[in-house]
Amino acid sequence: MSLLTDLINLNLSESTEKIIAEYVWIGGSGMDLRSKARTLDGPVKDPSKLPKWNYDGSSTGQAPGEDSEVILYPQAIFRDPFRRGNNILVICDAYTPAGEPIPTNNRYNAAKIFSNHDVAKEVPWYGIEQEYTLLQKEVKWPLGWPVGGYPGPQGPYYCGIGADKAFGRDIVDAHYKACLYAGVNISGINGEVMPGQWEFQVGPSVGISAGDELWIARYILERITEIAGVVVSFDPKPIEGDWNGAGAHTNYSTKSMREEGGYEIIKKAIEKLGLRHKEHIAAYGEGNERRLTGKHETADINTFKWGVANRGASIRVGRDTEKEGKGYFEDRRPASNMDPYVVTSMIAETTILGKN
């Protein structure tokens, strides 16, 4: 008699050429990931070869009940770390039956910016530091914290080791390996300042792929926490008081910044970002005002400043970049619940296209 785990782990390639494709998209809140699966006749590696599909947009807050059909356009393919074999995860964006992007389709506008000739020739690189908090499922309180109580103050938890400092490492490592298997350019993980909070980094990724990779990495994390019976939160300030919030620091460079004389290009780009500070803040995530207080390694939300090696600044430039006269900078303002399509394309739009 087969066990449930035996059936879940069946190797389909032993009996059929057919594969399972899990279509993944972003729901109406802008943070709720949705997915459903379909059978394909054989392996597919090019998203343009995948069929479009539809879903009930009235059930995701993206269409009225009397005209609820929304169409999924496949955009990027990743290996499926859950079903494995030739099975795939597919990042999609959403359109009306007439082919118009729906209002919550932020990928569409981002792709337009990244396909602009002036942007494309600068080959923009992104490295996104995604922070998140693991919560106990029944009480929605951070993992490792006493229910209704608090652990010892911050200090020993950042990159900490030990059962009294690191909570949920099995989930974190499972996610790390699953992302590598999937083909996500995940570059590292670490425990964060607040206990129960972790970070993974995606990049360097070029253009629109940064958004695709971060979204599928979030999807994989949600699936793993589902299996573990733990809730993942992307709230930028999950616990009020003297506890660090959660951000999505976005490291950025262009071809010109990476070449000789790039530091001057970096300084000009930072100046442009300062001129659009309010617009960027408005697009950098919900609830960010609870995080950007000027405390806990943040700049105040109403203040724009930059500095070398300054983690209390809006924009941080690394010592190596200053020393070498070229490199990258870090935008520390985005919240953990930001949309990477919005943030990455807006940074390119401001710094390369010079939108005021």
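Just so you know, these numbers come straight off a predicted model, no measurement behind them.
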J.: According to the salt bridge (Lys or Arg N to Asp or Glu O under 4.0 Å) rule, which pairs have a member within residues 23-34, sequence neighbours left out?
T.: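 Applying salt bridge (Lys or Arg N to Asp or Glu O under 4.0 Å) to every pair that reaches into residues 23-34, excluding sequence neighbours, yields Asp32-Arg34.
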J.: Is it true that a side-chain atom of Ser314 and a backbone atom of Arg333 form a donor plus acceptor pair closer than 3.5 Å?
T.: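 Checked: no pair found.
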J.: Taking only residues at least two apart or on different chains, which pairs with a member in residues 229-255 satisfy salt bridge (Lys or Arg N to Asp or Glu O under 4.0 Å)?
T.: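 Every pair satisfying salt bridge (Lys or Arg N to Asp or Glu O under 4.0 Å) with a residue in residues 229-255: Asp235-Arg290, Glu240-Arg290, Lys255-Glu259.
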J.: Are Tyr158 and Asn244 close enough, and set up right, to give a side-chain hydrogen bond (donor to acceptor under 3.5 Å, both in side chains), and what steps lead you there?
T.: CA-CA 11 Å; Tyr158 173 69; Asn244 275 37; over 6 Å; no
J.: With a 4.5 Å limit on heavy-atom distance, are the side chains of Asn105 and Tyr95 in contact?
T.: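 Sidechains of Tyr95 and Asn105: in contact.
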J.: Which heavy atom of Arg79 sits nearest to which heavy atom of Tyr181, and what is that distance?
T.: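 Scanning both residues, the minimum pair turns out to be NE-O, 2.6 Å.
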J.: Can you pull the ring-ring contact (aromatic ring centres under 6.0 Å, His included) pairs that have at least one residue in residues 318-338, sequence neighbours excluded?
T.: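 Every ring-ring contact (aromatic ring centres under 6.0 Å, His included) pair that includes a residue of residues 318-338, provided the two are not neighbours, is Tyr252-Phe329.
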J.: Return the minimal non-hydrogen interatomic distance between Arg291 and Pro334, and the atom names on each side.
T.: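 Where Arg291 meets Pro334 most closely, the heavy atoms are NH1-O, 3.3 Å.
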J.: What residues form a side-chain contact (heavy atoms from CB on, under 4.5 Å) with Ile26, not counting sequence neighbours?
T.: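 Testing Ile26 for side-chain contact (heavy atoms from CB on, under 4.5 Å), a comparison that skips the adjacent residues, returns Leu33, Trp215, Tyr341.
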J.: Could you check whether any side-chain heavy atom of Val44 comes within less than 4.5 Å of a side-chain heavy atom of Val90, counting everything from C-beta outward?
T.: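 Answer no - side chains too far apart.
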J.: Between Ser205 and Ala210, what is the shortest heavy-atom contact and its length?
T.: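 Closest approach of Ser205 to Ala210: CB-CA, 3.7 Å.
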J.: Has Asn190 got a side-chain atom pairing as donor or acceptor with Cys159's backbone, closer than 3.5 angstrom?
T.: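 No; judged by distance alone, with no hydrogens or angles, the pair does not exist.
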J.: Over all heavy atoms of both residues, which pair between Ile128 and Thr344 is shortest? Give the atoms and the distance, please.
T.: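 Distance-wise, the nearest heavy atoms are CD1-CG2, 4.1 Å.
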J.: Taking all non-hydrogen atoms of both residues, which atom of Ala348 and which atom of Val119 are closest, and how far apart?
T.: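 Between these two residues, the closest heavy atoms are CB-CG1, 4.2 Å.
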J.: Transitively linked via ILVMFWY side-chain contacts under 4.5 Å: Val202 with Val123?
T.: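 No, separate clusters.
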J.: If only atom types and distance count, is the side chain of Glu122 paired as donor or acceptor with the main-chain N or O of Ser256 below 3.5 Å?
T.: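 Checking the backbone N and O of Ser256 against the side chain of Glu122, a donor-acceptor pair under 3.5 Å is found.
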J.: What pairs with Ala63 under side-chain contact (heavy atoms from CB on, under 4.5 Å), at least two apart in sequence or on another chain?
T.: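 Counting only residues at least two positions away or on another chain, Ala63 forms a side-chain contact (heavy atoms from CB on, under 4.5 Å) with Val70.
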J.: If you measure from CD1 on Ile189 to CD on Glu199, what distance do you get to the nearest 0.5 Å?
T.: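 Answer for the CD1-CD pair, Ile189 versus Glu199, is 9.5 Å.
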J.: Given 3.5 Å as the limit, does a donor-acceptor pair link the side chain of Asn86 with the main chain of Gly42, or not?
T.: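 Checked: no pair found.
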J.: Apply side-chain contact (heavy atoms from CB on, under 4.5 Å) to Glu264 and list each qualifying residue two or more places apart in sequence or on a separate chain.
T.: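 Residues passing side-chain contact (heavy atoms from CB on, under 4.5 Å) with Glu264: Lys267.
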J.: Group every Ile, Leu, Val, Met, Phe, Trp and Tyr by side-chain heavy-atom contacts under 4.5 Å, then state whether Trp243 and Val139 land in the same group.
T.: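 They do share one cluster, since a chain of ILVMFWY contacts under 4.5 Å joins Trp243 to Val139.
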J.: Which pairs, with at least one residue in residues 295-305 and sequence neighbours excluded, count as a salt bridge (Lys or Arg N to Asp or Glu O under 4.0 Å)?
T.: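 Checked against salt bridge (Lys or Arg N to Asp or Glu O under 4.0 Å) - neighbours excluded - no pair reaches residues 295-305.
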J.: Working to the nearest 0.5 Å, report the span between CD1 of Ile91 and OG of Ser209.
T.: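 Here the interatomic distance stands at 12.0 Å.
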J.: For Tyr73, does the six-membered ring have the charged nitrogen or CZ of Lys52 within the cation-pi criterion, i.e. under 6.0 angstrom from the centroid and within 45° of the normal?
T.: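 Cation-pi check for Lys52 and Tyr73: passes.
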J.: Check the pair Tyr55, Tyr23 against side chain to side chain contact (heavy atoms under 4.5 Å, CB included), reporting the backbone distance first and the verdict last.
T.: CA-CA 11 Å; Tyr55 68 93; Tyr23 280 40; over 6 Å; no
J.: Test of understanding: with side chain to side chain donor-acceptor pair (under 3.5 Å), list the residues that count as partners of Thr104, not counting sequence neighbours.
T.: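 Partners of Thr104 under the side chain to side chain donor-acceptor pair (under 3.5 Å) test: Gln62.
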J.: Could you pull out all donor-acceptor pairs under 3.5 Å where a side-chain atom in residues 141-153 meets a protein atom, sequence neighbours excluded?
T.:
from	atom 1	to	atom 2	distance (Å)
Trp141	NE1	Pro146	O	3.2
Trp141	NE1	Gly149	O	2.9
Trp145	NE1	Pro195	O	2.9

J.: Nearest 0.5 Å please: distance from the CH2 atom of Trp25 over to the OG1 atom of Thr60.
T.: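 If I round to the nearest 0.5 Å, the distance is 7.5 Å.
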J.: Would you say Ile266 ends up clustered with Trp306 if hydrophobic residues are merged whenever their side chains have heavy atoms under 4.5 Å apart, either directly or through other cluster members?
T.: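 Result: yes, single cluster for both.
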J.: How long is the straight-line distance from CG of Asn337 back to CD of Gln130, given to the nearest 0.5 Å?
T.: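 These two atoms lie 9.0 Å from each other.
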J.: On a heavy-atom basis, which atom in Ala111 and which in Ile208 lie closest, and how many Å separate them?
T.: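 Distance-wise, the nearest heavy atoms are N-CD1, 3.8 Å.
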J.: Under a 4.5 Å cut-off applied to non-hydrogen side-chain atoms, are Phe234 and Leu221 in contact?
T.: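 SC-SC contact between Phe234 and Leu221 confirmed.
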J.: Just wondering, do Glu129 and Glu330 contact through their side chains at under 4.5 Å, heavy atoms?
T.: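 In short, these two side chains touch, coming nearer than 4.5 Å.
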J.: Taking the side chain as everything from C-beta on, heavy atoms only, tell me whether Pro51 gets closer than 4.5 Å to Leu40.
T.: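 Of all side-chain heavy-atom pairs linking Leu40 with Pro51, at least one is under 4.5 Å.
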J.: Salt-bridge test for Glu349 and Arg276: reply yes if a basic N is under 4.0 Å from a carboxylate O, no otherwise.
T.: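 Yes, this pair counts.
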J.: Does Ser58 have any side chain to side chain donor-acceptor pair (under 3.5 Å) partners at least two apart in sequence or in another chain, and if so, which?
T.: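 Ser58 satisfies side chain to side chain donor-acceptor pair (under 3.5 Å) with Asp56 only.
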J.: Is any side-chain heavy atom of Pro238 less than 4.5 Å from a side-chain heavy atom of Met194?
T.: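 When only atoms from C-beta onward are counted, Met194 and Pro238 do touch, with a gap below 4.5 Å.
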J.: Is there side-chain contact between Trp125 and Arg258, with heavy atoms separated by less than 4.5 Å?
T.: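 Side chain of Trp125 against side chain of Arg258, heavy atoms only: contact under 4.5 Å found.
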J.: When you check the gap from the basic side-chain N to the acidic O, do Glu322 and Arg319 get nearer than 4.0 Å?
T.: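 A salt bridge is present here (some side-chain N lies under 4.0 Å from a carboxylate O).
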J.: Just by distance, do the side chain of Thr298 and the backbone of Gly294 share a donor-acceptor pair under 3.5 Å?
T.: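 Confirmed, Thr298 side chain pairs with Gly294 backbone.
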J.: What distance separates Asp80 CG from Leu89 CG, expressed to the nearest 0.5 Å?
T.: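 The CG atom of Asp80 sits 4.0 Å away from the CG atom of Leu89.
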J.: Evaluate Ile171 against Thr225 for side chain to side chain contact (heavy atoms under 4.5 Å, CB included), listing each step before the verdict.
T.: CA-CA 7 Å; Ile171 293 170; Thr225 53; 3.9 Å; yes
J.: Using side-chain contact (heavy atoms from CB on, under 4.5 Å) as the criterion, list what pairs up with Arg169, not counting sequence neighbours.
T.: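 Partners of Arg169 under the side-chain contact (heavy atoms from CB on, under 4.5 Å) test: Ile161, Ala166, Asp173, Trp198.
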J.: Whether the side chain of Thr250 engages the backbone of Ala248 through a donor-acceptor N/O pair (distance < 3.5 Å, no angle test) should be reported.
T.: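 Yes; at least one donor-acceptor contact below 3.5 Å.
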J.: Using atom types as modelled and distance alone, determine if a side-chain donor or acceptor of Thr96 lies under 3.5 Å from a backbone N or O of Glu100.
T.: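 Pair found, side chain donor or acceptor close to backbone of Glu100.
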J.: To the nearest 0.5 angstrom, please state how far the CD atom of Glu131 sits from the CZ atom of Phe200.
T.: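 Atom-to-atom, Glu131:CD and Phe200:CZ are 11.0 Å apart.
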J.: Does the pair Glu192 and Tyr132 meet the rule for a side chain to side chain contact (heavy atoms under 4.5 Å, CB included), with working shown?
T.: CA-CA 9 Å; Glu192 269 303 329; Tyr132 61 94; over 6 Å; no
J.: If you group Ile, Leu, Val, Met, Phe, Trp and Tyr by side-chain heavy-atom gaps below 4.5 Å, do Phe304 and Ile347 land in one group?
T.: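 Hydrophobic grouping puts Phe304 with Ile347.
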J.: Name all pairs fulfilling the salt bridge (Lys or Arg N to Asp or Glu O under 4.0 Å) condition that reach into residues 209-229, sequence neighbours left out, sorted by first residue then second.
T.: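 Qualifying pairs, neighbours excluded: Arg107-Asp212.
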J.: Can a donor-acceptor pair be found, under 3.5 Å and without considering hydrogens, that links the side chain of Lys272 to the backbone of Thr351?
T.: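 Side chain of Lys272 to backbone of Thr351, a donor-acceptor pair under 3.5 Å: yes, one is there.
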J.: Are Val230 and Ile227 connected into the same hydrophobic cluster when the rule is that any two of I, L, V, M, F, W, Y join if their side-chain heavy atoms are below 4.5 Å apart?
T.: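 Yes; Val230 is reachable from Ile227 via cluster members.
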J.: Quick one: does Phe82's side chain get under 4.5 Å of Ile224's, heavy atoms only?
T.: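 Yes - at least one pair of side-chain heavy atoms lies under 4.5 Å apart.
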